[in-house]
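Here's the structure, in C-alpha cells; my notes come after.
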Protein chains: 2
Amino acid sequence: MTIRVLLAEDQTMFRGAMATLLGLEPDIEVVADVGRGDEVVSACEAFRPDLALLDIEMPGIDGLEAARRLAKAVPGTKVVIVTTFGRTGYLHAAMAAGAAGFLLKDAPVTELADAIRKVAAGQRVIDPSLAIAALSEGASPLTPRETDVLAAARGHGTIADIARQLYLSPGTVRNHLSAAIQKLGARTRTEAVEIAEQKGWLV
Amino acid sequence: MTIRVLLAEDQTMFRGAMATLLGLEPDIEVVADVGRGDEVVSACEAFRPDLALLDIEMPGIDGLEAARRLAKAVPGTKVVIVTTFGRTGYLHAAMAAGAAGFLLKDAPVTELADAIRKVAAGQRVIDPSLAIAALSEGASPLTPRETDVLAAARGHGTIADIARQLYLSPGTVRNHLSAAIQKLGARTRTEAVEIAEQKGWLV
DNA sequence: CTCCACCCGTGACGATCGTCATGGGTACGG
DNA sequence: CCGTACCCATGACGATCGTCACGGGTGGAG
C-alpha cells in the first residue's frame with residue numbers, strides 16, 4: 001500500500017527535486033505540492049494525504065501555524081516538519097502543534113524516506129541531535145509579553161516605534177526589553193533578539 | 001558528450017536530491033559533491049569537472065570566495081552560482097568573480113538543467129528578474145571602510161566592541177556608521193545592517 | 001601643484017538606551 | 001485572605017548612540 005504525501009516547501013527547486021525523488025520510491029506517492037503555507041489546509045482537504053511534509057519558513061503562514069490548523073481541519077493527516085534551522089524552539093512548537101516528525105534538511109535524503117515510512121506506520125521521528133539540545137536547554141525564560149516586545153523589536157528600529165506598534169508606553173517597552181536582555185544574558189537589544197531568534201523563542 | 005558537474009551545497013538533503021536528479025539527465029554526470037566551500041578547489045583539482053554548481057551560504061568559505069579561487073586554480077571549470085537569496089550584491093560579486101551563471105533556488109529544476117547545458121556550451125545565464133533589479137539599483141554607495149565597519153557591526157553589540165575588533169578609535173567607528181546610516185536612509189545601526197545585508201553589500 | 005575623496009581622530013551636543021526603584025492593577029493558588 | 005507573578009506605567013540616572021564641525025594625513029586625477 002502506497003503512502004500518499006503532500007509536500008509544502010517554498011523553494012521551487014528543492015520542492016521539485018523532492019517530489020520527483022520521493023516519487024521514485026515504490027511505496028511513496030506525492031499527491032500534491034504547494035509553495036505557500038496558506039495553501040496547505042485546502043490542499044489537504046482536497047487530496048486527503050496520509051502525511052504532510054511541511055517546511056517552516058514559508059510565505060503566507062509558516063509551517064508551524066499550518067500544522068496547528070491542519071490538526072484541527074484534517075486530523076487524519078500526519079505532519080512531519082522539515083526545516084533548515086535546528087532551533088529548539090521550533091521543535092517545541094512543532095510538538096505542541098501535534099507534529100509526528102521533525103527533521104533537518106541537513107539530514108541525508110534516505111533518512112527522509114525512512115522517516116516517512118515510520119511516521120506512516122504510527123511512530124514518531126525526531127532528529128536525535130536536536131532532541132538532545134532541546135532537552136538540555138529547557139523552555140523559554142521569557143514571559144509572553146516580553147516575547148511579544150522582543151519579537152516586535154526585530155526590524156523596527158527605535159523603542160518609540162515598537163511602543164506605537166504595540167500601543168504601549170515607551171517606558172514599558174524599555175522595561176520589558178531590559179528584562180529580556182538580562183534573562184538572555186545579552187548586552188544589547190540586538191543581541192537579545194539574535195539569541196532568542198536563534199533558539200526559536202520568538203515564534 | 002556528457003557534461004561533468006561538481007556540486008557544492010551545504011544542505012545535505014538538497015545536495016543529495018540534486019545529485020540524483022541531475023544524474024538522471026542523460027547528458028549530465030555529477031562527478032563529485034561537497035558540503036563545504038573550502039573543499040571546492042581541491043575537489044575540482046582532483047576531478048576536473050566542466051562545471052561547478054556553487055551555493056553561496058556554506059561553512060568554510062562562501063561560494064563567492066570559492067568561485068574567485070577556482071577561477072585562478074582551475075580556470076577550465078566554469079562556475080554557476082545557485083543561491084536562495086536574490087541579493088543584487090551577490091550577483092555583482094558573482095560576476096566579478098567570473099561566474100558564468102547565476103540562478104535562484106526559487107527557479108524550477110528544469111531551468112537548472114537548461115542553464116547547465118547553456119553554460120557548458122559557452123553561454124552565460126542569469127536569472128532575468130534579478131538582472132533587472134541589479135541594473136535598476138546600481139552599486140553600493142558605501143566606501144570600503146564603511147563597508148568593513150558595517151559588516152563588523154552585525155552581531156557584536158556596542159561600538160566599543162567594533163572599535164576593538166578593527167583596531168580603531170570609537171569615534172571613527174561612530175563616524176563611519178553615521179555615514180553609512182545616512183547613505184542607506186536608515187535610522188539605526190541595526191536598520192543599516194539589515195538594508196546593506198539584504199542588498200548583499202556586506203560580502 | 002591643486003583639487004578631491006577617503007581615512008582616522010577629537011570634541012561637543014542632544015536624543016536615545018539600559019537600569020533601577022516604585023507604584024497600581026489583575027489573576028491565580030495556597 | 002494573602003502571597004506571588006505578571007502587566008503597565010512613571011521618573012530619574014548614567015552610559016551609549018547619532019550627528020555635526022573640525023583638523024591632519026594619504027593618494028589619485030586633473
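Just so it is clear: chains get the letters A, B, ... in the order the sequence lines come, proteins before strands, and each one is counted from 1. Side chains included, hydrogens not; waters and symmetry mates left out as well; all remaining heavy atoms used.
Taking atom OH of residue B/Y167 and atom C1' of nucleotide C/dC7, one finds them 19 Å apart after rounding to whole Å. In this structure, CD of B/E191 is placed 16 Å from C1' of C/dC17, rounded to the nearest angstrom. Per the geometry, NE2 belonging to B/H176 stands 15 Å off P belonging to D/dT19, to the nearest Å. One atom, CG of B/L142, and another, C1' of C/dC6, lie 13 Å apart when rounded to the nearest Å. Distance B/L166 CG to C/dC8 C1': 12 Å, rounded to the nearest Å. The interatomic distance linking B/I162 (CD1) with C/dG9 (P) rounds to 14 Å, in whole Å.
At least one donor-acceptor pair under 3.5 Å links the side chain of B/D50 to the backbone N or O of B/R4. With hydrogens and angles disregarded, a donor-acceptor distance shorter than 3.5 Å links the side chain of A/R15 to the backbone of A/E9. Between the side chain of B/T172 and the backbone N or O of B/L168 there is no donor-acceptor pair closer than 3.5 Å. In this structure, B/E146 contributes its side chain and B/L142 its backbone to no donor-acceptor pair below 3.5 Å.
The minimum heavy-atom distance between B/A52 and B/C44, with the atom names listed, is CB-SG, 4.4 Å.
In this structure, the nucleotide among D/dC8, C/dC7, D/dT10 sitting nearest to the side chain of B/P144 is C/dC7.
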Open item on the list: Can you build the contact string for nucleotides 23-30 of chain D? Use B for base contact, S for sugar-phosphate-only contact, and - for no protein heavy atom under 4.0 Å.
Closed with: --------

- [ ] Using a 4.0 Å cut-off on protein heavy atoms (strictly under), produce a 5'-to-3' string for nucleotides 18-28 of chain C with B for base contact, S for backbone-only sugar-phosphate contact, and - for none.
- [x] BBB--------

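The phosphate of D/dA9 (OP1 or OP2) has a side-chain N or O of A/T172 nearer than 4.0 angstrom.
Counted by atom type alone, B/T158 and B/D161 present one or more donor-acceptor pairs between their side chains at under 3.5 Å.
In this structure, OG1 in B/T84 is found 4.0 Å from NZ in B/K105, a value given to the nearest 0.5 Å.
Here the side chains of B/M18 and B/L7 are in contact, with some heavy-atom distance below 4.5 Å.
Remark: A/K118 NZ is loosely packed, at most 12 non-hydrogen atoms of other residues, nucleotides or ligands lying under 6.0 Å away.
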